[in-house]
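For the single chain, residues carry numbers from 1 onward in sequence order. Just so it is clear, the values below take in all heavy atoms, side chains as well, and ignore hydrogens, waters and symmetry mates.
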Amino acid sequence: MAERSTAAVDVADNSGEESLTAKADQADQSTADGVAQKRERDTEHNEAQGSGGTEGPGRKASPPELHSGHKLARRYRLEDCVTRLDGFSSWRAVDEKLRRAVGVHVLPADHTRARAVLAAARSSALLGDPRFVQVLDAVEENDLVYVVHEWLPDATELTTLLSAGPLEPHDAYQMVSQLSSAMAAAHREGLAHLRLNPNAVLRTSTGQWRIRGLAVNAALRGIVSDTPQRADTEAIGALLYAALTQRWPYENDAHGLSGLPKDIGLIPPDQVRAGVHRGLSELAMRALANDGATASRHESPCTTPEELVKAVGEMPRIRPPEPAFTAPPEYQRTTYQQGTYGRTTPHPGVTQPVPTPPPPLQSRTGKALKWAVSALLIAALGLGSWQLADALMDQGGQADDPNRTQTTDGDDKNVDKPKKPQPIAIESAQDFDPFGSDGSEKPGDISKVYDDVPGTYWQTDYYLGAKFGNLKSGVGVILDLGKVQEVGNVTVTFVGSTSVELLAADGDAQPQGFDGYTKVAGGTGTEVQLKPGKELKSRYLLVWLTELPVQTDTGEYRGRVVDIKVTS
């Protein structure tokens, strides 16, 4: 029995309308690009994060009138439109509640694919596999349907990676291993991708491979397939082929890659480019053998992700390359340093005898020189001893002189006594969030950092991690001392152990940005003493929080500043 996938299988439609499968069948009948049995020969050149693809001829609903700054659900603020086609648009947005970047797909609620997109997004969200870019929300509201998903600022598309050249064998091995196991897990839950191309594959900064658009990208374009496992397996084979050769394994150019020469058919990667790993080349051919191509070495073709996972497991493990070691350059001596100035250079390979140096100062002149140096040393020692004895006698005579009046007032005046630290009043304070979306961080309570009232504090917004959810490097408080003053210590008291830095501005003018401040001290704890390493004179100080604690009363990552004291 043939498989059939609508990109989200067996998802109940709570609205009471006809099922997702029926909807997808209607979309399949009305779109010519809906069958994924035939290879996609995309000619897309710039498919932005979270979307992309070719425009299908299905019924187009009027795209919603959206613009940068528009808010969905009073929470998701649209920033940049990355795709607008076929009645829907995709955006980079900001989740103002959790202060993080997200991606959003938006289409009219009366769009022919709106119900299918909602069902696909909800079924994808239920999978919860970290190898896929997660769907965070799927909502129908105010005549709009929108799907919110993760945005990974530290990830790079495979398209971008391949623009610099083919991947190393170890990287290609890791990619096909992780993609095939991820898609095998998705198909076990009845989910297919059907749009698995270089724009849908991301590599994070930690080296992990992630897939975006599971079920949703196909639903947005009305793509269905009678053999979804075969289609996704062939797509993984095409990605591996491209990673090994920097060529798209079909005749047409696509995704910024050149296609294969026409009329030669599908040839193994190791015949396209020299130095390709033979085992990976055979694996790519086995995955691409779905459309009549002959698999290398007559191995059985892989037609499902599970079979591809098994084939990868049977391969010898490809180890990462050894770190390159650059030997230091040899120390070059000149002929003069070698003591051969004016002599002929010896032939290579001939061992030269090393002359034995003469005993030091054995000549008549050398003996005389030794006696002269010895006499000078004896004279110097005698002169030094006489001066020391004379100085001690003078001091003894002054102490025995009854007519000498001893005074110590003058001596005391010449001794530098340490200055007692004096408190410096804080004229005003303001919140400082230069890397946030609006530049503000809870300004209403900022005066509590220097109000001398016990139990009060200024707190930051809450974040999903100690490092501000990886959204920014920190937030802080700017202190105005009224005028340029010498600062010796700044004491900051927190609720919970917090990492903090002290930065200072030069002169009497307040800087307009973070770069106008210079770090002078740092520390971690609940009461941190920030002492500059050298003399500091400044009017504007920045107390900069770099790592937040978990607050026990809420379980959230927040910074809470109870008190700040400045002394000279």
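Between the side chain of S281 and the main chain of D270, a donor-acceptor pair closer than 3.5 Å is present. Panel note: side chain D95, backbone Y76; no donor-acceptor pair is recorded below 3.5 Å. Judged by distance alone, with hydrogens and angles left aside, the side-chain atoms of D232 form no donor-acceptor pair with the main-chain N or O of A235 at under 3.5 Å. A donor-acceptor pair under 3.5 Å is absent between the side-chain atoms of Q208 and the main chain of T204, judged by distance alone.
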Next on the checklist: Assess the residue pair D445 and Q459 against the criterion (side-chain contact (heavy atoms from CB on, under 4.5 Å)); give the C-alpha distance rounded to whole Å, side-chain angles, the decisive distance to 0.1 Å, and a yes or no.
Outcome noted: CA-CA 8 Å; D445 295 331; Q459 67 178 357; 5.6 Å; no
Item to check | Worked check of side-chain contact (heavy atoms from CB on, under 4.5 Å) between S258 and D253 | outcome: CA-CA 5 Å; S258 300; D253 300 346; 4.1 Å; yes
Checklist entry - After noting the C-alpha distance and the side-chain angles of R188 and E306, does the key distance pass the salt bridge (Lys or Arg N to Asp or Glu O under 4.0 Å) rule? => result CA-CA 9 Å; R188 285 194 294 269; E306 289 283 4; 2.3 Å; yes
Checklist entry - Do S300 and E307 pass the side-chain contact (heavy atoms from CB on, under 4.5 Å) test, and can you show the C-alpha distance, the side-chain angles, and the key distance before you say yes or no? => result CA-CA 10 Å; S300 59; E307 294 177 358; over 6 Å; no
Checklist entry - Under the side-chain contact (heavy atoms from CB on, under 4.5 Å) criterion, do T524 and E547 qualify, and how do the steps go? => result CA-CA 9 Å; T524 301; E547 188 168 346; over 6 Å; no
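Distance check, rounded to the nearest 0.5 Å: CD of E234 to CG of L288 gives 6.0 Å. In this structure, CE on M285 lies 8.0 Å from CD on Q271, to the nearest 0.5 angstrom. Between L214 atom CG and D129 atom CG the span is 9.0 Å, to the nearest 0.5 Å. Q430 CD to S440 OG: the interatomic distance, rounded to the nearest 0.5 Å, is 10.0 Å. Note: T304 OG1 to H187 NE2 = 8.5 Å, rounded to the nearest 0.5 Å. A distance of 6.0 Å separates CD of E441 from CH2 of W458, quoted to the nearest 0.5 Å.
Pairing each heavy atom of L283 with each of A311, the nearest pair is CD1-CB, 3.6 Å. Heavy-atom minimum distance, H255 versus P198: CD2-CD, 3.6 Å. Heavy atoms only, all atoms of each residue included: R113 and L220 are closest at NH1-O, 2.8 Å. Of all the heavy atoms in L167 and W209, the pair that sits closest is CD1-CH2, 3.9 Å. Across all their heavy atoms, L179 and I211 have their closest contact at CD2-CG1, 3.5 Å. When every heavy atom of V312 is checked against every heavy atom of S177, the shortest pair comes out as CG1-CB, 3.9 Å.
Residues that satisfy the ring-ring contact (aromatic ring centres under 6.0 Å, His included) test with H70, not counting sequence neighbours, are H67. The ring-ring contact (aromatic ring centres under 6.0 Å, His included) search around Y463 returns F468, not counting sequence neighbours. Scanning for side-chain contact (heavy atoms from CB on, under 4.5 Å) contacts around S473 gives F435, W544, with sequence neighbours left out.
Contact annotation: the side chain of P269 never approaches that of L280 to less than 4.5 Å [non-hydrogen atoms, C-beta and beyond]. When side chains are defined from C-beta on, V145 does not count as touching F88, because their heavy atoms never get closer than 4.5 Å. Side-chain contact between L548 and F494 is absent, with no heavy atoms from C-beta onward closer than 4.5 Å. Counting only heavy atoms from C-beta outward, the side chains of E251 and K262 approach each other to under 4.5 Å. Here the side chains of L98 and R75 are in contact, with some heavy-atom distance below 4.5 Å. Between T460 and L545 there is a side-chain heavy-atom pair separated by less than 4.5 Å. Residues R212 and H149 form no side-chain contact, since every pair of their non-hydrogen atoms from C-beta on lies 4.5 Å or further apart. The side-chain heavy atoms of D431 and K442, taken from C-beta on, include no pair separated by under 4.5 Å.
With D137 as reference, V148 is the one residue of V148, V147, V102 to meet the side-chain contact (heavy atoms from CB on, under 4.5 Å) rule.
With hydrogens and angles left out, the side-chain atoms of N217 and H193 include no donor and acceptor closer than 3.5 Å. N199 and T159 share a side-chain donor-acceptor pair at under 3.5 Å.
Shown here is D143, whose CG atom has no more than 12 heavy atoms of other residues, nucleotides or ligands within 6.0 Å. Atom CD of Q512 has 12 or fewer heavy atoms from other residues, nucleotides or ligands within 6.0 Å.
For R100 and E150, the salt-bridge test fails: no basic side-chain N is under 4.0 Å from an acidic carboxylate O.
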